[in-house]
Amino acid sequence: MAKSKIITYDLCSPGKNYDELYEYLKSLSDYACICESVWFTTSDKSCSTIRDELKTVVDSNDRIFVAELAGTAAWRKILCDSDFLKSHL
């Protein structure tokens, strides 16, 4: 069963083209960009698998954090639709 995940990153190299990063994030099922560098997804993949796959599309000095959500969350002024998040948590 797909589990809810949160993915966040810091892209440390200015002026880089990160289209591959965004393509990867959008390839995960049921995704939403919550804040500028924070994404929500549901996936059967483990957190470490997602991290390892992300490492192939970012620079070696970029930061990545992937965590599984427990089903509860609170937010304010997010970029995506609140109803989408509520229905996928």
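On a predicted model such as this, the values are computed, not experimentally measured, just so you know.
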Exercise for the section: Write out all pairs satisfying salt bridge (charged side-chain N to carboxylate O under 4.0 Å, His left out) with one or both partners inside residues 17-46, taking only residues at least two apart or from two chains. Expected result: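 Only K45-E53 qualify under salt bridge (charged side-chain N to carboxylate O under 4.0 Å, His left out).
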
Exercise for the section: Output every pair passing side-chain hydrogen bond (donor to acceptor under 3.5 Å, both in side chains) with a member in residues 80-89, not counting sequence neighbours, ordered by first then second residue. Expected result: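 Qualifying pairs: W75-S82.
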
Handout entry: For Y18, all residues meeting side-chain hydrogen bond (donor to acceptor under 3.5 Å, both in side chains), sequence neighbours excluded
Key =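 Per chain and number, Y18 pairs via side-chain hydrogen bond (donor to acceptor under 3.5 Å, both in side chains) with D59, D62.
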
Handout entry: Candidate pair L25 and I7, rule side-chain contact (heavy atoms from CB on, under 4.5 Å), full reasoning
Key = CA-CA 9 Å; L25 292 168; I7 301 168; 3.9 Å; yes

Problem - Backbone N/O of A2 and side chain of T42: donor-acceptor pair under 3.5 Å - result: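 Not a single qualifying donor-acceptor pair exists.
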
Problem - Validation row: V58, I64 side chains within 4.5 angstrom (heavy atoms) - result: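 V58 vs I64: side chains touch.
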
Handout entry: Within-4.5 Å side-chain heavy-atom neighbours: I50 and S43
Key =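 They are in contact (side-chain heavy atoms under 4.5 Å apart), so the answer is yes.
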
Practice task
Give the cluster check for Y9 versus F40: same hydrophobic cluster or not, with ILVMFWY residues linked at side-chain heavy-atom distances below 4.5 Å.
Solution key: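 Different clusters: Y9 never reaches F40 through Ile, Leu, Val, Met, Phe, Trp or Tyr contacts under 4.5 Å.
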
Problem - Taking every non-hydrogen atom, the tightest pair across A73 and L89 - result: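 For A73 versus L89, the nearest heavy atoms are CB-CD1, 3.7 Å.
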
Exercise for the section: For residues L11 and L21, determine if any side-chain heavy atom of one lies less than 4.5 Å from a side-chain heavy atom of the other. Expected result: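 Yes; the side chains approach each other to less than 4.5 Å.
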
Exercise for the section: Only counting residues at least two apart or in another chain, list the ones meeting salt bridge (Lys or Arg N to Asp or Glu O under 4.0 Å) with R51. Expected result: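 If we apply the salt bridge (Lys or Arg N to Asp or Glu O under 4.0 Å) test to R51, skipping adjacent residues, there are no hits.
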
Handout entry: Check: S4 and E68 side chains under 4.5 Å, non-hydrogen atoms
Key =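 E68 vs S4: side chains apart.
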
Exercise for the section: Supply the members, apart from L79, of the Ile/Leu/Val/Met/Phe/Trp/Tyr cluster built from side-chain contacts under 4.5 Å; use none for a lone residue. Expected result: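 Taking Ile, Leu, Val, Met, Phe, Trp and Tyr as members, L79 stands alone, with no cluster partners.
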
Exercise for the section: Find out if a path of hydrophobic residues (ILVMFWY) with successive side-chain heavy-atom gaps under 4.5 Å connects L85 to W39. Expected result: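 Different hydrophobic clusters.
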
Practice task
Look at the side-chain heavy atoms of Ile, Leu, Val, Met, Phe, Trp and Tyr, link any pair under 4.5 Å apart, and say whether V66 and Y24 land in one connected group.
Solution key: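 Yes; Y24 is reachable from V66 via cluster members.
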
Practice task
State plainly whether one hydrophobic cluster holds both L28 and V57, where clusters connect Ile, Leu, Val, Met, Phe, Trp and Tyr through side-chain heavy atoms under 4.5 angstrom apart.
Solution key: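 Hydrophobic grouping puts L28 with V57.
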
Problem - Residues which pass side-chain hydrogen bond (donor to acceptor under 3.5 Å, both in side chains) with S46, listed by chain and number, not counting sequence neighbours - result: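 Applying side-chain hydrogen bond (donor to acceptor under 3.5 Å, both in side chains) to S46 gives S48, T49.
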
Problem - Any donor-acceptor pair under 3.5 Å from S37 side chain to T8 backbone - result: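 Not at all, since once roles are kept as given, no pair shorter than 3.5 Å links the two residues.
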
Exercise for the section: Please name all residues satisfying side-chain hydrogen bond (donor to acceptor under 3.5 Å, both in side chains) with Y31, sequence neighbours left out, ordered by chain then number. Expected result: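 Checked Y31 against side-chain hydrogen bond (donor to acceptor under 3.5 Å, both in side chains); zero matches.
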
Problem - Set of residues satisfying side-chain hydrogen bond (donor to acceptor under 3.5 Å, both in side chains) with respect to S60, sequence neighbours excluded - result: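 In terms of side-chain hydrogen bond (donor to acceptor under 3.5 Å, both in side chains), with neighbours along the sequence ignored, S60 is linked to no residue.
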
